[in-house]
Amino acid sequence: MSIVTVQLGQCGNQIGFEVFNALFTDSQSSQGLCSKRENEAYQASCKERFFREEKGVPIARAVLVDMEPKVINHVLSKAAQSGQWKYSQHACFCQKQGSGNNWAYGYSVHGPKHEDSIMNLIQKEVEKCDSLNGFFIIMSIAGGTGSGLGAFLTQHLHDHYSNALKMNQIIWPYGTGEVIVQNYNSILTLSHLYRSSDALLIHENDTIHKICAKLMNIKQISFGDINQVLAHQLGSVFQPTYSVEGSFHYRRNPLGDLMENLVPHPEFKMLGVRNIPQMSENSLPYSTFTWAGLLKHLRQMLISNAKMEEGIDWQVRPPLPGLPPLGKMSQNREQHFNTSLANLVILRGKDVQNANLEGFKDPALYTSWLGPDEAFTVWKTQRAFSRYEKSAALVSNSQFFVKPLDTIVGKAWNMFASKAYVHQYTKFGIEEEGFLDSFTLLEQVVASYRNL
Amino acid sequence: MTQSVVVQVGQCGNQIGCCFWDLALREHAAVNQKGIYDEAIGSFFRNVDTRVVGDGSSISKGKICSLKARAVLIDMEEGVVNEILQGPLRDVFDSKQLITDISGSGNNWAVGHKVFGSLYREQILEKLRKSAEHCDCLQCFFILHSMGGGTGSGLGTFLLKVLEDEFPEVYRFVTSVYPSSEDDVITSPYNSLLAVKELNEHADCVLPIDNQSLFDIISKIDLVVNSGKLGPIVKPNSLVTSGGTAFKKQHKKPFDAMNNIVANLLLHLTSSARFEGSLNMDLNEISMNLVPFPQLHYLVSSLTPLYTLADVNIPPRRLDLMFSDAFSKDHQLIQADPKHSLYLACALMVRGNVQISDLRRNIERLKPSLQFVSWNQEGWKTSLCSVPPVGHSHSLLALANNTCVKPTFIELRERFMRLYKKKAHLHHYLQVEGMEESCFTEAVSSLSALIEEYDQLDATKSLPVEDVQRLSIAV
Amino acid sequence: MDGGAAAWTGAGPRTLPEAIATLSRSLPAGPSPEIFRRAKFDHPEAAPVLWRLLFRVLAPLRANCAAASLGRGAQARWVKVVLHYCGYPRPALAQLPEDGSQGSRELLLAFSWLLARVPLLEWLLSQTCVQLGDQVPTFECEALASPGLAAPQVDARRSVDLRRLQWLMGKLRFRWRSLICSQQEQCALLSKIHTYTHGCHSDQNLGHLSVTETEMLRDPEDSQQVRKGPEALRQMLGCPGSQALWLPADTLVQAEVPSLLALQLLRVLERENARLEAALEWRQCELIFWQWMDTVLGACPPEGPAVPTFLPRIPEHGCQELELVARELQALQEKLREQVLSRRQAWETQVGGLGHGPEWSAARQALQQTVEQELLALQRSWEQERGPSLTQGPHRLVKIKAGTAGAQGLPVAEVIRALRSQEASLEAMLCWLQGQCRQELARLAGAVPGLLWILPPGC
Amino acid sequence: MLQSDCALRLVAELQGALDACAERQRQLERSLRISRRLLQAWEPAGTTGLDPPPGSETKEEDPSPACTPSPQDLKDLELLTQALEKAVQVRKGVSKTGKKSRTPSLKSGTVAASPGSTASALPQASSQPGHCSSRTRPTKGVHQITVPAKDHPKHRLLLVRDKSHAVRIGAQVTRLEPSHREQMTLSDTPHAAETFTLKEKGTLLQLPMAFRKAAYRNSCLWTQLNSTQTSDATDATSDAKTQFLQKMQMASSISSSRFSPVEVEMEVHCLQKACALLRLRMEEELSAAPVDWMQEYRCLLTLEGLQAMVGQCLHKLQELCAGFEFRAFGMLALTEQLPGPCLMGRPLQASLPCGSRVCTSWGPQLLLYSNTQELQTLATLRLRVAMLEQQIHLEKVLMAELLPMVSTQEARGPPWLALCRAAHSLLCEGGERFLTILQEDPAD
């Protein structure tokens, strides 16, 4: 089954390119450390999901949307230059003028105006899939096009393709600000997506920036570096895994399987990804990994809400069994213990069958109303990913984002209380009422996650 | 990609414009080596096949034939415009883009605004429409004018209202040159104040420029250049008014160097919209990010490093210094000290070989020394354009919506009041048809209201930053 | 027509044992005629066989395999309940011991009651017939709507947070969507196979091969590779329930033998043919059986006074629903009464001045007719099973050229129409139920001061 | 928090539904795998697309784009035909020559040779003049795929051979009349390959004789079963049955009621639907704003009609209640001993043709569709109906358990509010959305 990617805005298009590039490069890599047959099955599965073929050339199953042509042109030519895969010329939509960081402009002006054209492009791409699994929508939430138009399109995908799954890849802006109205744009986007999307996969710029600096040892970090790390993380989640352990059948319904296990509850849709190992090319040859070591670190990253392998707080421990839920909650808060709702661990590489995952099956890791049997899932494949002989990824629906979300809502509320910038939104039909709805919904989400 | 139209009004506006077109041509020539007409060039120039009679049909693709500036030149005297038309830039303009008169406005806002305004309204409108027709997506009008004189100030602000009515969707960015206190025009306080009211009401963004600041900057450059520490080696292709500019009297006339700074400001401001970069910033993002309340649309700008403005080969200073400079008092294009005032919002537009990490590092570094309004503690807007200014590796334009503009307004009001109390020269104005006393009082109260708004914001400066009470979720 | 088939239409067996024998043969694993004879005299040894027969006939098909694992007592209870539920009139059945130790005559009566009331043989044959063709890739609606047979393992010690129910509900919604997704794909693949094999079938009506048939031809070489195929197949066939919903493709995978398929299918087909032949024969000699059953019934002692033993399934649940409907209907009635009353009055006063020309009465008549038609259509939409449905018996999918006239069979378009109206009425129903809940909760919410209930937008 | 018995029931219901779905998904995946394997034959995925030879795509007529086979289609087609072709050969015994190792493999532009000389065995082969000469051409190895020359709604399988017996395939575009076929063959490509459709060689691809016989007899028997059902069922037989049933009823000590429980249940179900639809219609009518007196009158008539219909429903309901009460007198809680909750509920209806529905035809019937989309719509709708039924069932169960709990709970503190929120989401929003409860600001 195939996934149609929708790349939106500057951020979405830049990341989309890196994601396809990472997926393709990995699937063609000969360092898979597995049998030829398995490698072929892996390739075929990756291809079915993300690429189609035109005259022998792999074409990304993607629709590129921006309200401004520069980025799309750039990305198209970069893909063509790769010599390996391409974007379809006919899957692009751009306009002359961007949304100017104004969510309302993207949502209420660009959205309705270009709805038909964009939905047509998507429809065409969907028709090229033998079987549609769902949509992967890449967008930032800070700007105007990705966020506003993204929210608009997701809603329309929800209406037009009610059975297809929708996952939004969301880029969370730098906490110190990259767009001044980013908090407004973010709360409007998030609250709208909460109504129309099935899952929000969130990446924070701050986090990835730190990974680039600390783990990848990059001195002068560019957006290209950041996007490559992000693409690596996504690849580690979306490259094929076995559907049944011990068979060579690869999972055909990756989005559905993931969502069913992680985001069935309407109030909990925010997913975070953690990867291990991640390091620069130079240090890789000097490192060896064991599953036990990797998983120990990954688990501690989960419970201490560490964003990367470096600087994990090893003091954080799961709460003692037998505490009443309320006591447990306050103790957790004190300890900065990160309570999970559900986790998915994806293991790739050598001896994957020997990895011991008991650490993730501890009921203390999870909320009181869901047991590990329902809350924990593991996917595996023996095929190694990227340059790593062994690697693990964690997709987690947990309290990871309570703090960032709370912060964004708080800042937006502060600004809203002074009515600053509101006139820019009312100009395009987003009234104060709309803001209040968004605040209400997100405050509830924060509260719900806190009460896990 | 979008296009912009530059409307240059009055002597000052046209002189700045002249500099601007010269630099713009040279910048695009440096970036676009192949001579192909592309969208970046298209944002300021039309490509015209001159062999076709009439107004020359635009060519949207292919080789560059003949570039025409997307500009409307207005002056009520002929001098400057004629000079331009006889200068090296003559091919960039044609007579259909000009409106001139011979009488001049006599340094009288009322003449420019009321008399010439009604006289030339239709004509101006027609030229504007024409220029708009040549754009497939007109995004912005840049109005270049000075506040002190008659034409630029009067007709320039008249124009704003016309644009607002006629092109409500198109942004109006105004570069206003404020007179310095030792201005030789005696009525300049009147003119400026009357103009301020119009700017308050009809502009989307105003970039105030102070002649005194420009002059100080130029002097500083000269000082560095002549100090002997660094060889005054002229860079052949740098974007400064050296050899091949419209006026070949650079060092004699400080105005040229000063105009050059303003022209550079415009180029930098639009660079991220014209060229590729890893973090684009379109023009419409400027007002969206920097204007929290409709009236508070005055943006204080600073360009660093200053050597990009000079025609000298100075080894680059540390990158981080560039960021520090942008916040220092002596780099601002008006006399103001943003660092000790309150920031409502701030944009950092970077060109050249600078990455996001450099930007983040400097924001983190500078943040503690700056004071932002309570509801906008992270009020940063950033952009990264990969094309540096010609001949340099990087540069930075900082735009600040900061209460530091307030003293400029207060001073203006004081100078105005000094004259107005004496009713000096008032009759020159009142004899113009449609001009009444109330025009002055209204203008004063408009300016006072603006000052009051800044005052209120400044008042919050001393208060501790506290979160507002949020919605409380029951369960 | 095949000579063999024609043979039974004329003469049939004329003796009772022969008649019963045909009945037995036409049933899936039917008992021997001797059992019937013994049952007439209520011999206890016939009872277990008849319990089994009844259970087999009555158990829901999907659940059959699992149900087979039920104990004898449970099976018997099941039979009792279902028969009563269907309106079986004799309470004596309910009093039978569930260990199968006696009551063979009563069971024979019950079986005959079913046989007389509904076309049982045809129904059973139809439900269990061999599927050579491709089916609409969905399963019985009822099967989805019914929980599986095995009681799910729920940890009773753990108290349940409602959020867990929400979680499960969300999971279910995702599974539904995945199902639809897979089904779409299966349809596309089926259609492809049908297109590609167009013209390969000897049967003119079909024209193309089905998956099973293509599979049969696919790889004959491999036939020697695996031997366990027939066994797997037999296993499946030993369980009549699974036959009914048997997707041939499933068998193949389960057995991992694509090869011997033809042979296996042949056997199954032959077995089915034998049952069909027997059923046709049975029709010829049924009369003898019924005459005999009369004597069986006559041999029964008259029943004693009714001992209350039985609980039809409706009890509290059904009561609740009846009440709910009654309340809603009355509310409707009330609202309509008010509206009609006031509007009628307003109308009369208005029309008073309008005059009553012939045009008016013609228009009125026309209006009356259209309204009548509309309402009739409305009524039809809730009366059950209008239009073609797929609930009865298997259907073989045949791809035809668009616009081909005179093709025999049911056009999908018609089924779609029927399904759409069914969908609409179900949606209305769900909507109504949700509306009821909303009212109830809003009432409760209104009673608590100091709180603002913010509904999700769009409510 | 729920009490455990209630929780048990709800969780069991949901878990049951989930299991049923999962089971069905597994089934579907199995058959999907079969179908995919059929279409992709034995080749590992990753075979490259088939490029048409330059110039062979002479489009004389305007092809309708919908009918143009996509490269993927062509590929599938090729693989499938290969498979079938191979089957033909095996069936004919030509593979006995011990060349099994030469499994067909598909590389870009190359096709494996099938062993054996099947061409001579094909009936048509000898009847095609001119073909022989082309066959003598020593073309070996690589050949381009024959590509549609024209488009036609029907794509036929087309096997193309040359002397070396390399199998080629393409979608034949023109639906060839037999008489035209030869010409087509001759003028086909420079390689002058022999072409035939599977249909024309259909005899070779037929199922085994014995099987075909049995299948034929099977369909005859079903036809007979259906045709004799009504006409041959003698009056005597049906009389006998009726009599038997009557006698049985009379002998019974329970007097008959008008409705059996299953009928009551079905009627209730029907009334619920009616109720929902009537309300919808009424609200539609009430919210309409008639612009002229005609419309106004029509509205009035409709409302009156609706009123009458509601009356009928109420009447029906009373009848049901009467019958129900009558029956209810001697009930004993037998249900509780039933083997699991699963045997209750809807399967009862499904398990028997005991409703009043009489089916007129038995056995496999044909269901005709003309395109993929139609089939997909059908499948989706069926599933959707099934899902709605399940959802309604769950809704009712949840209503029965949750509503009383919410309304009886005494303390109206946070636990109760949490309960309300979850209940609202489950009951009113289908579990998709949720409400927020805010504490009112005392300042307001």
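The sequence lines fix the lettering, A, B, ..., with proteins before strands; numbering per chain opens at 1.
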*Given side chains that start at C-beta, do those of A/Phe223 and B/Leu384 come closer than 4.5 Å, heavy atoms only?*
yes
query = When you measure from the side chain of A/Gln10 to the backbone N and O of B/Gly277, does any donor-acceptor pair fall under 3.5 Å?
reply = yes
If one checks every heavy atom of A/Ile218 against chain B at 4.5 Å, the contacting part turns out to be neither
The interface call for B/Glu39 against chain A, heavy-atom contacts under 4.5 Å, is side chain
Counting heavy-atom pairs under 4.5 Å with chain A, the top scorer among B/Asn284, B/Val475, B/Thr382 is B/Asn284
Expected contact set for residues 436-452 of chain A against chain B at heavy-atom separation under 4.5 Å reads A/Phe439, A/Thr440, A/Glu443, A/Gln444, A/Ala447, A/Asn451
Looking only at A/Asn73, A/Asn102, A/Thr176, the option with the highest number of non-hydrogen pairs under 4.5 Å against chain B is A/Thr176
Rounded to the nearest 0.5 angstrom, the CE-CD distance for B/Met1 and A/Glu68 is 6.5 Å
Cut-off 4.5 Å, heavy atoms of chain A, and the answer for B/Ile473 is side chain
When the 4.5 angstrom heavy-atom criterion is applied to B/Leu279 and chain A, the contacting part is both
Okay, A/Asp406 and chain B: the region with an atom under 4.5 Å from a heavy atom over there is both
A/Asn414 and B/Glu466 have their tightest heavy-atom pair at OD1-O, 4.4 Å
Ordered numerically, the heavy-atom neighbours of chain B under 4.5 Å found in residues 416-423 of chain A are A/Ala417, A/Ser418, A/Lys419, A/Ala420, A/Tyr421, A/His423
(message) Tell me whether A/Lys210 at atom NZ has more than 12 heavy atoms from other residues, nucleotides or ligands lying less than 6.0 Å away.
(response) no
Under a 4.5 Å heavy-atom criterion, the part of residues 352-359 of chain B in contact with chain A comprises B/Asn353, B/Val354, B/Gln355, B/Ile356, B/Ser357, B/Asp358
Checked B/Glu364, B/Lys367, B/Met281, B/Met288 vs chain A; the most non-hydrogen pairs under 4.5 Å come from B/Met288
Turns out that what part of B/Arg361 lies under 4.5 Å from chain A's heavy atoms comes down to neither
So, the part of A/Gln220 with a heavy atom under 4.5 Å from chain B: the answer is both
Kindly say whether B/Gln139 contributes a backbone atom to a donor-acceptor pair with the side chain of A/Gln97 at under 3.5 angstrom? no
Turns out that what part of B/Ala347 lies under 4.5 Å from chain A's heavy atoms comes down to neither
Per-residue tally against chain A (heavy atom, under 4.5 Å) across B/Glu276, B/Gln3, B/Arg360, B/Gln469 peaks at B/Arg360
In short, B/Ser287 meets A/Gln424 closest at the heavy-atom pair O-NE2, 3.0 Å
Of the listed B/Cys137, B/Cys346, B/Ser472, the one with the largest count of heavy-atom pairs under 4.5 Å with chain A is B/Cys137
Cut-off 4.5 Å, heavy atoms of chain B, and the answer for A/Tyr184 is neither
Here the gap from B/Leu471 atom CG to A/Trp413 atom CH2, rounded to the nearest 0.5 Å, amounts to 4.0 Å
ask   = Just wondering, are more than 12 heavy atoms of other shown residues or ligands nearer than 6.0 Å to NZ in A/Lys427?
value = yes
- Query: Taking NZ, NE, NH1 and NH2 as the nitrogens, is one of them in B/Asp282 or A/Lys70 under 4.0 Å from a carboxylate oxygen of the other?
  - Reply: no
Whatever's closer than 4.5 Å to a heavy atom in chain B on A/His74 counts as both
Honestly, the part of A/Gln14 sitting under 4.5 Å from a heavy atom of chain B is side chain
Residues 368-378 of chain B vs side-chain hydrogen bond (donor to acceptor under 3.5 Å, both in side chains), sequence neighbours excluded, gives A/Lys411-B/Glu378
Assert top hit (heavy-atom pairs under 4.5 Å, partner chain B, pool A/Val71, A/Ile226, A/Val409, A/Asp225) equals A/Val409
Among A/Cys212, A/Ala412, A/Gly175, the residue with the most heavy-atom pairs under 4.5 Å to chain B is A/Gly175
Pair count under 4.5 Å, heavy atoms only, with chain A: among B/Lys381, B/Glu285, B/Arg470, highest is B/Arg470
TODO: Using modelled atom types only, decide if a donor and an acceptor are shared between the side chain of B/Asn289 and the backbone of A/Ile180 within a distance under 3.5 Å.
DONE: yes
